[in-house]
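Note that these values count all heavy atoms, side chains included, but never hydrogens, waters or copies made by symmetry. Chain letters run A, B, ... following the sequence lines, proteins first and then strands; every chain starts at 1.
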Number of protein chains: 2
Amino acid sequence: MSQPENPDARRPTTADTTGPANVRMPDSVEAGAMNHAIFRVARLHRMLAGQLLRRVGLHPSQELVMMQLWDRGPQRQTDLVRFLGSDAATMTRTIRRLENAGFVRRRPSTTDKRVTIVEPTAASNALRNEVEQVWMDLETSVTEGMTPAQQAEAIEVLDLIEKSLARATSQDI
Amino acid sequence: MSQPENPDARRPTTADTTGPANVRMPDSVEAGAMNHAIFRVARLHRMLAGQLLRRVGLHPSQELVMMQLWDRGPQRQTDLVRFLGSDAATMTRTIRRLENAGFVRRRPSTTDKRVTIVEPTAASNALRNEVEQVWMDLETSVTEGMTPAQQAEAIEVLDLIEKSLARATSQDI
DNA sequence: AGCCATTTACTGTTCGAACAAGTACATCCC
DNA sequence: GGGATGTACTTGTTCGAACAGTAAATGGCT
């Protein structure tokens, strides 16, 4: 299919790269390559994280909350929201589920009656090693196909993308 | 920065690269740098996409369905599932919402009574340019802080990560 | 022909993500 | 002091993501 031989002279096949943004893309193949790449990586990473977390009985994002609590100790929900980058409403429910699961306890702050302090329970310590193992497995899954140099490059690239996105998000255009 | 002159012979400062995987990480700073980087990029990208899509009245992921339909024409839900990489249950509901919004129509296949064919409506064509504009804005937001060389590098790195993740996901470990 | 695994789509359910709206408390400023 | 403003958290709601279970149709295999 797709005519293997055509004598036509100009073919923008492999790399025109200098996409002038006005000329129509040759095919619809490459309109937004970066978006597609990010979407696919994000989806696969989320899927794999979900599969690994399932074994330890956590849902995606709950592990981030627990890791933050284990690392930094008891703190306000707002602090967790800032860390997760999520919103307060989501955090309220996530915390409630973690509380019901017995991994987290909540107590009101004495100094500021608006805030509730969230802290990891002793029972949660049993989880900690498992979650850290999951985290390392996930990291390994990403990096095992890459040379150390490629890994370093990847981090740089991701940081660069993050900066771009952060700027665009704050601007809100 | 980074001490232009130092007489010391071996310094693993910038690129020791050969990360031995056994030695403990010096701080807890760098345990899962790749994971964190991917999470942050994924979150920001999703957030920005959501903000942009909101203006055209679509929810995240609906635009991917519509783009697939515009590009490839009427097709079965299973094909859309394969494209989105999501699952059939999610697709059923997404399609229903797009149908209620008037962007999509469903008709039963005559040859296979199990399948329903999904096709974009004429009304959806009004959306198409807007969605493509959103898609380009999103792409621009990611790439505008990067040189063309960095963009090419980013695509390579993301493809590499995707391959690693795809392998890990299929293995299911 | 008849059985059976597979495919296709749907529903039920739980959970995170996000927006909106509302309550309780805190702080600032007049 | 008292109103205006801001912060911390909660609830309501819609939507995607994912797992489980179901039902119908298909196709292969004996």
Handout entry: Partner residues of B:E144 under the salt bridge (Lys or Arg N to Asp or Glu O under 4.0 Å) criterion, sequence neighbours left out
Key = A:R167

Fill in the blank from the handout: Rounded to the nearest 0.5 angstrom, the OG-CE distance for A:S141 and A:M136 is 12.0 Å

Practice task
Would you kindly give the CE-to-P distance between A:M91 and D:dT7, to the nearest whole Å?
Solution key: 18 Å

Practice task
Please list, chain by chain and in numerical order, all residues satisfying side-chain contact (heavy atoms from CB on, under 4.5 Å) with A:Q75, sequence neighbours excluded.
Solution key: A:Q68, A:L69, A:R72, A:D79, A:L80

Completion exercise
Applying side chain to side chain donor-acceptor pair (under 3.5 Å) to A:R114 and not counting sequence neighbours gives A:D112

Practice task
Scan residues 102-109 of chain A against DNA chain D and write down, sorted by residue number, each residue with any heavy atom closer than 4.0 Å; if none is found, say none.
Solution key: A:R106

Fill in the blank from the handout: Across all chains, not counting sequence neighbours, the side chain to side chain donor-acceptor pair (under 3.5 Å) partners of B:Q77 are B:T116

Exercise for the section: Can you tell me the distance, in whole Å, between the CD1 atom of B:I117 and the C1' atom of C:dA9? Expected result: 12 Å

Exercise for the section: Could you tell me which residues satisfy side chain to side chain donor-acceptor pair (under 3.5 Å) with B:R43, sequence neighbours excluded, listed by chain and number? Expected result: none

Problem - Sugar-phosphate or base contact per nucleotide [nucleotides 13-22 of chain D; S, B, -; heavy atom under 4.0 Å] - result: B-SSBBB---

Fill in the blank from the handout: Applying side-chain contact (heavy atoms from CB on, under 4.5 Å) to A:A42 and not counting sequence neighbours gives B:A42

Exercise for the section: Only counting residues at least two apart or in another chain, list the ones meeting side chain to side chain donor-acceptor pair (under 3.5 Å) with A:D159. Expected result: none

Got a list of protein N/O to nucleotides 6-8 of chain C N/O distances below 3.5 Å?
{"residue": "C:dT7", "atom": "O2", "partner": "B:R114", "partner atom": "NH1", "Å": "2.6"}
{"residue": "C:dT8", "atom": "OP1", "partner": "B:R76", "partner atom": "NH1", "Å": "2.9"}

Problem - Hydrophobic cluster (4.5 angstrom, side-chain heavy atoms) - remaining members for A:V115 - result: A:I117

Handout entry: Partner set under side-chain contact (heavy atoms from CB on, under 4.5 Å) for B:T143, not counting sequence neighbours
Key = A:M34, B:E139, B:Q151

